[in-house]
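Input: a single structure, listed below in structure tokens.
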Number of protein chains: 2
Amino acid sequence: MRHAADTFGILLRERGVQVTAQRVALMRAVAEHPHATADILADQVRAVIGTVSRQAVYDSLGVLVDRGLLRRIQPAGSPARYEGRVGDNHHHLICRECGATVDVDCAVGAMPCLIANDDHGYEIDEAEVVYWGRCPACRSAAHP
Amino acid sequence: MRHAADTFGILLRERGVQVTAQRVALMRAVAEHPHATADILADQVRAVIGTVSRQAVYDSLGVLVDRGLLRRIQPAGSPARYEGRVGDNHHHLICRECGATVDVDCAVGAMPCLIANDDHGYEIDEAEVVYWGRCPACRSAAHP
DNA sequence: ATCAAATACTTGACTGAGTCCAGAATCAAG
DNA sequence: CTTGATTCTGGACTCAGTCAAGTATTTGAT
């Protein structure tokens with residue numbers, strides 16, 4: 001997967017983010033494990049480049065999110081999760097039991113995809129939608 | 001406010017929740033401070049009945065949420081907040097800068113008020129919507 | 001009204017997720 | 001290859017919340 005690694009390097013440079021082994025490995029880890037937590041990603045990165053501090057992982061995730069290369073989602077009752085699919089304002093469908101998360105396309109796509117019927121004077125820039133339910137696995141496990 | 005206190009007692013009993021001074025005080029605190037955090041509520045309760053352990057606050061909030069007397073909301077980057085308005089699946093509008101939270105009526109009203117266009121086999125029971133933006137105060141503070 | 005059983009509360013230690021800090025290492029331009 | 005900026009490391013720390021064991025309160029049956 002040499003090619004993919006290069007691609008990430010270019011992506012980073014484009015956004016003015018310094019290119020380091022950790023960051024490239026992180027980008028790759030996110031691409032391979034969408035909706036993973038910082039811990040899981042740290043493990044993935046360690047599997048590839050040996051050792052990374054937790055701090056470096058948080059720092060890099062922070063930078064990458066800031067520069068719009070990653071998106072952070074923070075569902076209730078779960079640590080933050082990260083995904084590489086940015087810029088299309090899609091939503092998420094999360095299993096109440098096991099936390100399994102899948103993407104759901106937004107019919108609108110553009111950034112506040114829903115209009116509040118009373119904005120209370122706020123300047124709204126995003127409508128975040130989370131669908132809660134039970135995934136197929138948990139449903140069948142529930143009534144055997 | 002003797003009357004309100006009685007009302008809360010009756011409410012609790014109706015839902016099969018044991019009536020204690022702490023719980024009544026908690027219900028009242030939530031009614032008076034919608035969208036408050038557990039800490040703020042604990043302080044409110046202490047101001048009324050002297051002393052409460054943090055644990056009691058968390059326990060009671062948990063029970064009250066379970067029995068449908070309160071609703072817990074967990075916005076990204078903030079501790080959990082509680083409100084007494086339950087059963088109508090309204091949404092929230094939160095200030096990115098100061099966290100100020102206001103209720104927004106759900107345009108549709110019914111419980112999963114938005115239908116995902118692909119449910120991935122999930123059994124969806126709720127569509128949670130959070131509008132993110134800047135409140136009037138933070139807007140005017142930003143460009144003086 | 002009383003008493004036992006069920007339920008709730010207190011205290012204090014503990015966990016998980018994330019942040020802060022200061023010094024060491026690494027990077028990208030000149 | 002040097003330099004100044006950026007990033008990484010390790011360790012201490014914070015914040016929000018949970019666990020566990022013992023004590024107190026509420027409740028429902030007498």
Side-chain angles (χ1 to χ4, degrees), chain A residues 5-6 8-27 29 35-46 48-67 69-70 72-82 99 101, chain B residues 5-6 8-27 29 35-46 48-67 69-70 72-82 99 101:
Chain A
D6 290 358
F8 291 131
I10 293 166
L11 261 172
L12 292 170
R13 198 162 287 129
E14 271 178 10
R15 302 293 179 107
V17 179
Q18 209 166 282
V19 179
T20 68
Q22 278 91 337
R23 288 178 177 179
V24 172
L26 240 192
M27 288 297 287
H35 312 127
T37 61
D39 262 17
I40 293 171
L41 294 171
D43 286 347
Q44 291 302 315
V45 171
R46 285 190 194 106
V48 176
I49 63 169
T51 176
V52 211
S53 68
R54 186 179 22 158
Q55 194 54 35
V57 173
Y58 280 112
D59 280 0
S60 302
L61 286 173
V63 170
L64 297 173
V65 168
D66 275 0
R67 302 305 174 93
L69 285 156
L70 295 182
R72 173 190 284 129
I73 54 184
Q74 287 163 271
S78 152
R81 290 159 183 276
Y82 297 85
T101 302
Chain B
D6 290 358
F8 290 130
I10 292 166
L11 261 171
L12 293 170
R13 197 163 286 127
E14 271 177 11
R15 302 292 179 106
V17 178
Q18 209 165 281
V19 179
T20 69
Q22 278 94 332
R23 287 175 179 179
V24 171
L26 240 193
M27 289 296 287
H35 312 129
T37 62
D39 262 18
I40 293 170
L41 294 171
D43 286 347
Q44 291 302 315
V45 171
R46 284 189 195 107
V48 175
I49 63 169
T51 178
V52 211
S53 66
R54 184 180 23 159
Q55 194 53 35
V57 172
Y58 279 112
D59 280 0
S60 301
L61 287 172
V63 170
L64 296 173
V65 169
D66 275 359
R67 302 305 174 93
L69 285 155
L70 295 182
R72 174 190 285 131
I73 54 184
Q74 287 162 270
S78 151
R81 290 161 183 275
Y82 297 85
T101 302

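These numbers come from the heavy atoms of this one structure, side chains and all, not from hydrogens, waters or symmetry mates. Order of the sequence lines fixes the chain letters, A, B, ..., with proteins taken first and strands second; residue numbering starts at 1 for each chain.
Contacts with DNA chain D (heavy atom under 4.0 Å) in residues 51-60 of chain B: B/Arg54, B/Gln55, B/Tyr58, listed by number. Shown for residues 74-82 of chain A: residues whose heavy atoms fall under 4.0 angstrom of DNA chain C, namely A/Pro79, A/Ala80.
In this structure, the CG atom of A/Leu12 is 14 Å from the C1' atom of D/dT6, given to the nearest Å. Following rounding to the nearest Å, A/Ile49 (CD1) and D/dT7 (P) show an atom-to-atom distance of 15 Å. Residue A/Leu61 contributes atom CG, which lies 11 Å from atom P of D/dC8 at whole-angstrom precision.
For the side chain to side chain donor-acceptor pair (under 3.5 Å) test, no residue two or more places apart in sequence or in another chain qualifies with A/Asp66. Among residues two or more places apart in sequence or in another chain, the side chain to side chain donor-acceptor pair (under 3.5 Å) test is passed with B/Arg72 by B/Tyr82. Under the rule for a side chain to side chain contact (heavy atoms under 4.5 Å, CB included), the partners of A/Thr37 that lie at least two apart in sequence or sit in another chain are A/Asp39, A/Ile40, A/Pro79, A/Arg81. Looking at residues two or more places apart in sequence or on another chain, you find no side chain to side chain donor-acceptor pair (under 3.5 Å) involving A/Gln22. Taking the side chain to side chain contact (heavy atoms under 4.5 Å, CB included) definition, one finds that B/Val63 meets it with B/Val17, B/Arg23, B/Arg67, sequence neighbours left out. In terms of the side chain to side chain donor-acceptor pair (under 3.5 Å) criterion, A/Ser53 has no residue partners (sequence neighbours excluded). Remark: B/Arg13 pairs with B/Val19 by the side chain to side chain contact (heavy atoms under 4.5 Å, CB included) rule, at least two apart or across chains.
Summarising the geometry, atom CG belonging to B/Leu61 is positioned 6.5 Å from atom CG belonging to B/Leu70; distances are rounded to the nearest 0.5 Å. Taking OG of B/Ser78 as the start and CD1 of B/Ile73 as the end, the distance is 8.0 Å to the nearest 0.5 Å.
Nearest heavy atom pair, residue B/Gln74 against residue B/Ala80, reads CG-CB, 3.8 Å. Contact between A/Leu26 and A/Ser60 at its shortest, heavy atoms only, is CD1-CB, 3.5 Å.
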Item to complete: Walk me through it: do B/Val24 and B/Met27 pass the test side chain to side chain contact (heavy atoms under 4.5 Å, CB included)?
Response: CA-CA 5 Å; B/Val24 171; B/Met27 289 296 287; 5.8 Å; no

Item to complete: Take B/Val57 and B/Val45 through the side chain to side chain contact (heavy atoms under 4.5 Å, CB included) test and state the conclusion after the steps.
Response: CA-CA 9 Å; B/Val57 172; B/Val45 171; 5.6 Å; no

Worksheet item: Given the rule in the side chain to side chain contact (heavy atoms under 4.5 Å, CB included) test, do B/Arg46 and B/Asp43 qualify, once you have shown the distances and angles that lead to the verdict?
Response: CA-CA 5 Å; B/Arg46 284 189 195 107; B/Asp43 286 347; 3.3 Å; yes

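With a 4.5 Å cut-off on side-chain heavy atoms, A/Leu12 and A/Thr20 do not count as touching.
Within the helix from C/dA1-D/dT30 to C/dG30-D/dC1, the inter-axis angle between the opening and closing five-pair segments is 40°, rounded to 10°.
The outermost nucleotides of DNA chain C lying under 4.0 Å from heavy atoms of chain A, listed 5' to 3', are C/dA17 to C/dA28.
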Every protein N/O lying under 3.5 Å from an N/O of nucleotides 21-30 of chain D:
{"residue": "D/dT27", "atom": "OP1", "partner": "B/Val19", "partner atom": "N", "Å": "3.2"}

